[in-house]
Colleague: 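Before I ask anything, let me first share the structure, which is written out below as structure tokens.
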Number of protein chains: 2
Amino acid sequence: MKASEELRYAILALQREGNRALIGALKPIGVTPAQAEVIRVLDQYEPLTLAGLGDLLICESGTGPSRLVDRLVAQGAVLRTVSATDRRSVTIMLTPSGRELSRAIAGVENALYETIDAAAAGQPVEALLALARIMLAGTPAGTALAQRAG
Amino acid sequence: MKASEELRYAILALQREGNRALIGALKPIGVTPAQAEVIRVLDQYEPLTLAGLGDLLICESGTGPSRLVDRLVAQGAVLRTVSATDRRSVTIMLTPSGRELSRAIAGVENALYETIDAAAAGQPVEALLALARIMLAGTPAGTALAQRAG
DNA sequence: CGACAATATATGACACGACATGCAATTGCA
DNA sequence: TGCAATTGCATGTCGTGTCATATATTGTCG
């Protein structure tokens, strides 16, 4: 198998296995990985419009994460209000319950990052991130990641 | 942002962007990335049972890729017959039309791999693959990848 | 031989993820 | 001012991806 082919499937496999692990870890909290990302982004960047949120999400939902936010509103984690200055756009913020969720999610994520650090110990992770930045240059997900990575 | 956190989101972003690109490239052929993977695996390993196919897929579909195969049967790319020796299991094979699809998919994939090679030129791809193998050790997707990588 | 566990697959339910379309509010420009 | 283009969001549709459950067939053990 070519290196580039194995690379493609390795990325797919890592995403799948990581996501499955994250689903299990987040289950006691009652959120999915996509919902967790929204909550964590809001905790750091709120208030955001729907489009602004979409620009910061890696798991960006095409035209806008309307339905993703729908479910978070339904479970009381975020507040969605029509903007006063532009009645087309909506302002999205965490509720107190959502901020509490964010702290719980942060705990799960930190445990995950320790697992990753242990598995990647002694490996050239920085070089891999450099490769990722090259391949993601100019893409929406790459832009979102660059902005959030600071 | 921690390196492990950026690594997690980089993997997610790479998978998303790569998948979007692949969707577009496969659209003229009329198959999705998941369907393309099934066809390519079958072309190399047929005949397979449903469980055997699932063990070789990176995009493994939990209890079995029944519905994924359903659509390929519906569009005439694969043949699904009940096994003679064990009437519980199913034998899956490509039709001539499916083999033709496989060749078209191979062309799209090769173009993708050239793009990847160009973007990754001079980067430590082997190191990334080594890291991936470590992190995927013991997982279903990792086992599938190891077997297919030969 | 007969109950019972194990196996292979199918199916229902829910939440994405991507694309296309539709609608209301705003902007821009003659 | 009037009206078309644009913007921001919602929604419909399709195909996964994951988990739980159901069904049929086979193997096993008393």
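Predicted, not measured: the structure shown is a model, and the values here were computed from it. Reminder, nothing fancy here: chain letters follow the sequence lines and each chain counts from 1. Any value given below was found using the heavy atoms of this structure, including those in side chains, with hydrogens, waters and symmetry copies removed.
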Colleague: Once you round it to whole Å, what is the distance between P of C:dT9 and CG of B:L68?
Modeller: 14 Å
Colleague: Could you tell me whether the side chain of B:R88 has a donor or acceptor atom within less than 3.5 Å of a complementary atom in the base of C:dT9?
Modeller: no
Colleague: Is it true that A:E109 and A:R40 make a salt bridge, defined as a side-chain N closer than 4.0 Å to a carboxylate O?
Modeller: yes
Colleague: Walk me through it: do A:D70 and A:R67 pass the test side-chain contact (heavy atoms from CB on, under 4.5 Å)?
Modeller: CA-CA 5 Å; A:D70 275 350; A:R67 278 173 284 224; 3.9 Å; yes
Colleague: Checking all strands, does B:S66 fall into the base, sugar-phosphate, or nothing category for heavy-atom contacts under 4.0 angstrom?
Modeller: base
Colleague: Output the distance between atom OG (B:S83) and atom CG (B:L50), rounded to the nearest 0.5 Å.
Modeller: 12.5 Å
Colleague: Could you tell me how far apart B:L12 (CG) and D:dG17 (P) are, to the nearest whole angstrom?
Modeller: 14 Å
Colleague: Closest-nucleotide mapping onto DNA chain D: is A:G24 or A:G52 further toward the 5' terminus? I mean the 5' end.
Modeller: A:G52
Colleague: Measuring from atom CG of A:L112 to atom CD1 of A:I105, what distance do you get when rounded to the nearest 0.5 angstrom?
Modeller: 13.0 Å
Colleague: Ignoring hydrogens and angles, state whether a donor on the side chain of B:R8 or A:Y113 is under 3.5 Å from an acceptor on the partner side chain.
Modeller: yes
Colleague: Is there a donor and acceptor pair closer than 3.5 Å between the side chain of A:R67 and the base of D:dG12?
Modeller: yes
Colleague: Quickly work out the A:R20 CZ to C:dC16 P distance and round it to whole Å.
Modeller: 18 Å
Colleague: Closest nucleotide of DNA chain C for A:A84 versus for B:L50: which of these residues is on the 5' side?
Modeller: B:L50
Colleague: Could you please name the option among D:dT16, C:dA25, D:dC9 that lies closest to any side-chain atom of B:R71?
Modeller: D:dT16
Colleague: How is A:R16 classified with respect to the nucleic acid when contacts are heavy atoms under 4.0 Å: base, sugar-phosphate, or nothing?
Modeller: sugar-phosphate
Colleague: To the nearest Å, give me how far apart CG (A:L26) and C1' (D:dC19) are.
Modeller: 16 Å
Colleague: Report the nucleotide, chosen from C:dT26, D:dT18, D:dG15, that has the shortest atom-to-atom distance to any side-chain atom of B:Q35.
Modeller: D:dG15
Colleague: What's the NZ-C1' distance between A:K27 and D:dC19, to the nearest Å?
Modeller: 6 Å
Colleague: If I take atom CG in residue A:L53 and atom P in nucleotide D:dG8, what distance separates them, rounded to the nearest angstrom?
Modeller: 14 Å
Colleague: Write down the distance between CG (B:D70) and C1' (D:dG17), rounded to a whole number of angstrom.
Modeller: 15 Å
Colleague: Please determine whether a side-chain nitrogen or oxygen atom of A:T63 lies at a distance below 4.0 Å from atom OP1 or OP2 of D:dA10.
Modeller: no
Colleague: Can you tell me if the side-chain N/O atoms of B:R87 get under 4.0 Å from OP1 or OP2 in C:dT9?
Modeller: no
Colleague: Quickly work out the B:L22 CG to C:dC19 C1' distance and round it to whole Å.
Modeller: 16 Å
